Amino acid sequence: ARVTQFLADRARALLEAVRERGSEPVLWIDEPALFSIRSAAELAPLAHLRRELKGFTLGVHCCSNTRWADVLALGFDMLSIDSALSLGEV
């Protein structure tokens, strides 16, 4: 939890700095380990980041197949997938 909070704090600082300079930032989270998720509870770190960075545009990328219903339920603004692997599951 401490590492996740550290990452959220650093990301927020960067996103705010970009916004202060007049641009609208977008943060992409590239999480290749999503393929190994076996339950929604394992997505808690991503859910924490989504909550902590509310108000910013966030996307998540996974180039493998995963529990897409659980990932989509987190409320990310954008999703990037490998369509050859995941399009039928999303």
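Keep in mind it's a predicted model, so treat the numbers as computed, not measured. Note that the numbering runs from 1 along the sequence shown for the chain.
A distance of 6.0 Å separates CD1 in Ile29 from CG in Leu46, rounded to the nearest 0.5 Å.
Here side-chain hydrogen bond (donor to acceptor under 3.5 Å, both in side chains) pairs that include residues 23-33, with residues two or more places apart or in two chains, are Arg19-Glu24.
Asp82 and Cys63 get closest at one heavy-atom pair: CB-O, 3.9 Å.
Looking at residues two or more places apart in sequence or on another chain, you find no side chain to side chain donor-acceptor pair (under 3.5 Å) involving Glu20.
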Side-chain donor/acceptor pairs under 3.5 Å, residues 70-81, sequence neighbours excluded:
unit_1, atom_1, unit_2, atom_2, d
Asp70, OD2, Arg67, NE, 2.6
Asp70, OD2, Arg67, NH2, 2.9
Asp77, OD2, Arg50, NH1, 3.0
Asp77, OD2, Leu58, N, 2.8
Ser80, OG, His61, ND1, 2.7

Scan the side chains in residues 6-18 for donor-acceptor partners under 3.5 Å anywhere in the protein, sequence neighbours excluded, and list what turns up.
unit_1, atom_1, unit_2, atom_2, d
Asp9, OD1, Gln5, NE2, 2.8
Asp9, OD1, Arg12, NH1, 3.2
Arg12, NH2, Glu52, O, 3.2
Arg12, NH2, Glu52, OE1, 2.8

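In this structure a side-chain-to-backbone donor-acceptor pair under 3.5 Å is missing from Thr57 to Val26.
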